[in-house]
J.: 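The structure follows.
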2 protein chains.
Amino acid sequence: MRNIRLVLEYDGTRFFGFQKQKRARTIQREIQKALFRILRERVSVIPASRTDSGVHARGQIVNFKTRSGIPLPNIRRALNSYLPEDLAVRKISLAPGNFHARYHAKRKRYCYRLLTGSDRRPLERFYAAHCSFPLDVPLMQKAARRLVGRKDFRSFQAHSEGEKSTVRTLYRSEVRKKGQFLHFVFEGDGFLYNMVRNIVGTLLLVGRGKISLADFDRILEARDRRQAGPTAPPQGLVLEKVSYA
Amino acid sequence: MRNIRLVLEYDGTRFFGFQKQKRARTIQREIQKALFRILRERVSVIPASRTDSGVHARGQIVNFKTRSGIPLPNIRRALNSYLPEDLAVRKISLAPGNFHARYHAKRKRYCYRLLTGSDRRPLERFYAAHCSFPLDVPLMQKAARRLVGRKDFRSFQAHSEGEKSTVRTLYRSEVRKKGQFLHFVFEGDGFLYNMVRNIVGTLLLVGRGKISLADFDRILEARDRRQAGPTAPPQGLVLEKVSYA
């Protein structure tokens, strides 16, 4: 059995997220379907991150096991010809037998792109969210920096997933101004369900002056989703990179 | 009568170009339809450049005349709420009575974005063309520079438009490497129909080693469309800017 690792890029707009669901067009379904055509074998594709409906990826990592002996470059080429235009393989490699894309991930980097100002921008609509309210960017930058470190992020988790730990370490949490855009960059050892989008939604409340820095601190401490802001829309979010060392 | 000038951004993917045609979804049709709802008046919208089917714009300029006295900010707001999501007004201003978006344009800048390398890139598919052949970029840069100046570009015109002059001046014609992408930037006092895409298609022949620099020079001198390369696909092309001074 070979354990094969892929780097994937996808446009999440027309996918119902990563994970296979009955009848829904998901990334997992499309890849497993293409792999079946190539390997004549049903494989189970494990992602580093189960991205949500509408969320994009430039560096999603997956692995799967196969008995097939087809050379890797041929699998890659065949995948890229069978996969739909909104999903592609950027790299393929042989992984150690025990490699698990999710369990072994050490770091993930997400970038959330937000268009500011009153203008709609048609060329950006699929790959950035839009906020037309004036924003206090330095205050948002301050708030974002408070999230760096080992913290309990329960307040930013979409829904309780039982007794599992909600403690994660963020190595990077920043807001960068790029012309008319803000880039929210988060790097951490793991992320709770909807965590990035809930953090962005809450940082926007800070930026709009709806809540203070002290409120932001209290939200983090509260460990209660109801305290935090709304979930920012998915089209701004890209899973940029997953590291294993 | 006021003469009103707009800066438009649009995603050309789902438009059949700028110019109104029976039953086809065009930019002109959508704007004139929205303006009719706002002004209750049929207006004729004149563009700086009649972009083709599938071509994008970040800085298209148009003008139209109206008897309506509705304040400009209100027209802009109403347009942006009535126009479809792939078309928006970025600026609105009052122009001199004789201002004509096409006749008075002094300079236009186009950028053509090309993805190189063997990878398909799903997140770029609507806004870049893709060439997976290896390219000699320095040679393409040399060829591109030969187009700067006042020249007869008849070889790069899609089809003859009668006896009209095919002489244009290019102020800028360059190929820039940006990571995995090439940006072809052209700035000139005017462009013939399909000229940018035909130049890019011919520069790609140079880059792939199909024709030499001397061949490229001969193509320009031939003043014959049949000598030049194929028309590069539209999704790479963006009308970036139009200047009037």
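Proteins get letters first, then strands, A, B, ... in listed order; numbering begins at 1 in each.
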J.: With a 4.5 angstrom heavy-atom cut-off, could you sort out which part of Arg120(A) is near chain B: side chain, backbone, both or neither?
T.: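 For Arg120(A), heavy atoms of backbone and side chain both lie under 4.5 Å from chain B.
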J.: Are Tyr110(B) and Phe191(B) near enough that their ring centres are under 6.0 Å apart?
T.: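 Yes, the ring centres sit under 6.0 Å apart.
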J.: I need the Leu94(A) CG to Asn63(A) CG distance, nearest 0.5 Å.
T.: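 So the gap between those two atoms works out to 11.0 Å.
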J.: Heavy atoms only, distances under 4.5 angstrom: which of Val89(B), Leu83(B), Val238(B) has the most pairs with chain A? Name it, please.
T.: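 Going by pairs under 4.5 Å, I would pick Leu83(B).
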J.: With the side chain counted from C-beta on, respond yes when Leu114(B) and Phe181(B) share a heavy-atom pair under 4.5 Å apart, and no when they do not.
T.: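 No, every pair of side-chain atoms sits at 4.5 Å or beyond.
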J.: Over 60° means perpendicular and under 30° means parallel, so classify the ring planes of Tyr103(B) and His100(B), tilted if in between.
T.: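 Taking Tyr103(B) first and then His100(B), their aromatic rings lie parallel (interplane angle under 30°).
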J.: Please classify the contact between Leu87(B) and chain A as side chain, backbone, both or neither, with a heavy-atom cut-off of under 4.5 Å.
T.: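 Only the backbone of Leu87(B) comes within 4.5 Å of chain A.
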J.: Going from CG on Asn3(A) to CZ on Phe64(A), what distance comes out if it is rounded to the nearest 0.5 angstrom?
T.: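 Nearest 0.5 Å value for the CG-CZ distance: 8.5 Å.
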J.: By a 4.5 Å heavy-atom criterion (distance strictly below it), what part of Thr13(B) contacts chain A: side chain, backbone, both, or neither?
T.: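 Contact with chain A is absent: no heavy atom of Thr13(B) under 4.5 Å.
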J.: Using the six-membered ring wherever Trp is involved, compare the ring planes of Phe126(B) and Phe126(A) and label them parallel, tilted or perpendicular (cut-offs 30° and 60°).
T.: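 Ring orientation of Phe126(B) relative to Phe126(A): tilted.
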J.: Please flag which part of Arg76(A) lies under 4.5 Å from any non-hydrogen atom of chain B: side chain, backbone, both or neither.
T.: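 The side chain, not the backbone.
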J.: Taking His56(A), Arg121(A), Glu124(A) one by one, which has the highest count of heavy-atom pairs under 4.5 Å against chain B?
T.: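 Most pairs with chain B among the choices: Arg121(A).
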J.: Contact part of Arg90(B) toward chain A, heavy-atom cut-off under 4.5 Å: side chain, backbone, both or neither?
T.: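 Looking at Arg90(B), backbone and side chain both touch chain A.
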J.: Measure distances from Tyr10(A) to the heavy atoms of chain B and classify the residue's part below 4.5 Å as side chain, backbone, both or neither.
T.: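 Contact with chain B involves the backbone of Tyr10(A) alone.
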